[in-house]
Each structure stands twice: as structure tokens, then as C-alpha cells.
Amino acid sequence: MIEIQDVSKSYRTRRGPRFVLNRVNLRVARGQHLGVVGRNGAGKSTLVRLISGAEQPTSGRVVRRGSVSWPLAFGGAFHRHLTGLDNLRFICRIYGVSYANALAFVEDFTELGSYLREPVMHYSSGMSARLAFALSMAIEFDCFLIDEIVAVGDSRFHEKCRIELFEKRKDRTLILVSHDPNVIKSHCDSAVVLEEGRVIPFDSVDDAYAHYLVQA
């Protein structure tokens with residue numbers, strides 16, 4: 001379960017602090033599939049980063065009861081001068097999971113072959129996204145954060161990603177940001193709309209989109 005308690009987040013600008021989120025409260029239950037909807041710049045990615053712990057709120061707090069993934073396909077935490085395997089070994093050590101088990105899965109899932117033994121700085125953006133996605137699946141988080149579904153590879157690889165995340169882990173908590181309403185409607189059972197720094201919750205995804213379209 002994740003609880004966001006009176007959270008605000010501001011960034012410095014030349015005109016002073018700009019609040020992206022303003023005293024937001026939200027509770028995400030275990031096993032809930034929550035969609036996050038909003039205009040560009042509404043704070044969707046900021047909300048995901050706060051939940052993941054990649055950023056800290058300006059005020060308020062985020063309570064996590066269970067393990068939470070980094071945003072899927074995010075490779076920003078990789079050390080570019082280390083190989084894919086070295087990054088995998090480091091992440092396994094941080095999360096206390098078996099390197100041998102994770103290695104077997106990542107080698108098979110990414111289909112990167114010998115590139116796993118090359119520095120990440122030599123990877124294309126698609127290769128980095130494959131590795132990041134595979135690492136997220138290799139570690140069995142209680143909650144998965146998805147800031148837009150990154151389409152990497154061909155249709156066969158897209159299907160592999162869908163099965164791993166939305167079928168094999170359908171019992172996990174999912175928090176999904178997407179501009180594609182079909183993605184949210186296909187994979188979420190509830191949604192929130194980010195609007196002027198506030199979070200407006202809806203039990204129905206259709207109701208969330210009806211509100212969003214009126215405001216857009």
C-alpha cells in the first residue's frame with residue numbers, strides 16, 4: 001500500500017518557486033491498478049518520481065508499505081561506464097536478490113547477447129530500455145511504476161513485455177502514466193486526474209476521462 005500524505009513539490013524558477021503538486025493526498029491499495037491522467041506539465045512524472053523515491057517532496061511524506069520499482073524502462077540509474085552485467089550485479093546487491101537467477105532471466109528476456117558484456121555507454125536508447133525493463137521484471141517488486149509504456153523492439157518483443165507485466169504480475173500494484181486512453185482503460189481499474197497541482201480521484205476510468213476531456 002502507498003499513501004501520499006499532504007505532499008507538495010516545488011521547483012526553483014527565475015520567478016520564484018513553482019508548485020507542481022500542492023498538498024496532494026492519495027492512497028493506493030495493494031493490488032490496485034491506478035491510471036494517472038493529466039495535461040503535459042501537470043505533474044504526472046513528478047508524482048511517479050516521488051512515489052519511487054527518486055525525488056523527495058518539498059513538504060509532506062510518502063509512505064510505502066512494500067517494495068516499489070523505479071519507473072519502468074528508466075535507465076538513468078545505470079553507470080554508463082559499467083557493462084550491462086555489472087549494472088545487473090550492482091542492482092541485485094542493492095535489492096538483495098540472487099544474481100544467478102536474475103542473470104538467466106535478463107539474458108533471455110533482453111536478447112542483447114554479447115552486448116550485455118559491453119559498457120552501457122555503447123547501448124542505443126532501445127537497448128538501455130530493454131535492459132531497464134528486464135531488470136524491473138527480474139526483481140519481484142510489490143508495486144510497479146510505469147511512466148509511459150516505452151515501445152522498444154518489434155511487435156514480438158512488445159508482446160513479451162505485456163505478458164511479463166500485465167499477465168504474470170497482474171496481482172501486483174500498478175501505477176500507470178500514459179497519454180493513450182486505451183492503455184489506461186485496458187490495464188487500470190481506477191484513475192486520478194492531475195489538475196492545477198491537485199489530484200482528483202475517480203473509481204471509474206471512464207469517469208476520470210470524462211472529467212479530463214471537459215477540462216482539456
Side-chain angles (χ1 to χ4, degrees), residues 1-4 7 9 20-21 24-55 62-77 109 129-130 132-153 155 157-195 197-213 215-216:
M1 191 267 285
I2 295 170
E3 195 165 354
I4 298 171
V7 163
K9 181 64 177 179
V20 178
L21 300 174
V24 166
N25 290 279
L26 178 65
R27 184 179 184 276
V28 185
R30 185 178 299 275
Q32 182 177 354
H33 292 185
L34 179 72
V36 180
V37 180
R39 298 178 182 178
N40 288 332
K44 302 184 295 299
S45 295
T46 298
L47 180 65
V48 168
R49 290 195 298 270
L50 291 173
I51 293 172
S52 74
E55 291 191 35
V62 179
V63 178
R64 306 170 190 86
R65 296 185 175 92
S67 57
V68 180
S69 79
W70 55 83
L72 293 198
F74 172 68
F109 189 85
R130 283 190 180 211
F133 191 96
L135 290 181
S136 300
M137 298 297 100
I139 300 171
E140 293 295 342
F141 293 106
D142 298 313
C143 174
F144 287 94
L145 304 177
I146 309 137
D147 189 358
E148 290 290 349
I149 295 178
V150 178
V152 294
S155 59
F157 191 79
H158 297 173
E159 181 65 9
K160 284 178 63 175
C161 295
R162 187 193 66 80
I163 292 171
E164 284 293 333
L165 181 58
F166 295 116
E167 291 191 10
K168 293 185 179 180
R169 291 163 181 79
K170 63 183 178 182
D171 61 327
R172 311 299 171 83
T173 306
L174 298 179
I175 299 176
L176 171 59
V177 172
S178 178
H179 286 96
D180 186 344
N182 293 322
V183 170
I184 299 271
K185 291 178 180 179
S186 295
H187 301 299
C188 297
D189 48 41
S190 58
V192 299
V193 177
L194 282 179
E195 182 180 298
R198 301 176 300 135
V199 167
I200 306 172
F202 293 88
D203 292 330
S204 161
V205 174
D206 287 336
D207 289 346
Y209 269 101
H211 177 89
Y212 170 67
L213 291 174
Q215 301 301 318

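The shortest distance between side-chain heavy atoms of Glu195 and Tyr212 does not fall below 4.5 Å. Contact annotation: the side chain of Phe166 never approaches that of Cys161 to less than 4.5 Å [non-hydrogen atoms, C-beta and beyond]. Put simply, the side chain of Ile146 reaches to within 4.5 Å of the side chain of Leu165, judged on heavy atoms. Residues Leu50 and Leu21 are in side-chain contact: their nearest non-hydrogen atoms beyond the backbone lie under 4.5 Å apart. Leu34 is listed as a side-chain neighbour of Leu26, based on a closest heavy-atom distance under 4.5 Å. No side-chain heavy atom of Thr173 sits less than 4.5 Å from a side-chain heavy atom of Asp142. Counting only heavy atoms from C-beta outward, the side chains of Val68 and Ile2 approach each other to under 4.5 Å.
Minimum heavy-atom separation, Pro201 to Val192: CA-CG1, 3.8 Å. The shortest non-hydrogen separation linking Val205 to Ile184 is CG1-CG2, 3.7 Å. Looking at every heavy atom in both residues, Phe109 comes nearest to Phe157 through O-CE1, 3.1 Å.
Atom NE2 in His33 sits 10.0 Å away from atom CZ in Arg172 (nearest 0.5 Å). Here the straight-line distance linking atom CE of Met1 with atom CZ of Arg30 works out to 8.5 Å at 0.5 Å rounding. Rounded to the nearest 0.5 Å, atoms OH (Tyr209) and NZ (Lys185) are 7.0 Å apart. Here the straight-line distance linking atom CG of Leu194 with atom CZ of Arg39 works out to 12.0 Å at 0.5 Å rounding. With rounding to the nearest 0.5 Å, the separation of CZ in Phe144 from OG in Ser67 is 7.5 Å. Within the model, atoms CD1 of Ile175 and OG of Ser69 stand 9.0 Å from one another, a figure rounded to the nearest 0.5 Å.
Residues satisfying the salt bridge (charged side-chain N to carboxylate O under 4.0 Å, His left out) criterion with Lys44, sequence neighbours excluded, are absent altogether. Here Arg169 pairs with Glu140, Glu164 under the salt bridge (charged side-chain N to carboxylate O under 4.0 Å, His left out) rule; sequence neighbours left out.
Tested against Ser45 for a side chain to side chain contact (heavy atoms under 4.5 Å, CB included), the candidates Asp147, Val36, Val20 yield a single pass: Asp147.
Other residues, nucleotides and ligands contribute at most 12 non-hydrogen atoms within 6.0 Å of the CG atom of Asp203.
Side-chain atoms of Gln32 and Ser190 form a donor-acceptor pair, as typed in the model, at a separation below 3.5 Å.
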Practice prompt. Apply side-chain contact (heavy atoms from CB on, under 4.5 Å) to Arg49 and Leu145, showing your working.
Written response: CA-CA 9 Å; Arg49 290 195 298 270; Leu145 304 177; over 6 Å; no
Item to complete: Would you check, one step at a time, whether the test side-chain contact (heavy atoms from CB on, under 4.5 Å) holds for Val199 with Ile4?
Response: CA-CA 11 Å; Val199 167; Ile4 298 171; over 6 Å; no
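Classification of Glu159 and Arg162 as a salt-bridged pair holds, one side-chain N sitting under 4.0 Å from a carboxylate O.
Classified by interplanar angle (parallel below 30°, tilted 30° to 60°, perpendicular above 60°), the ring pair His211/Phe202 is tilted.
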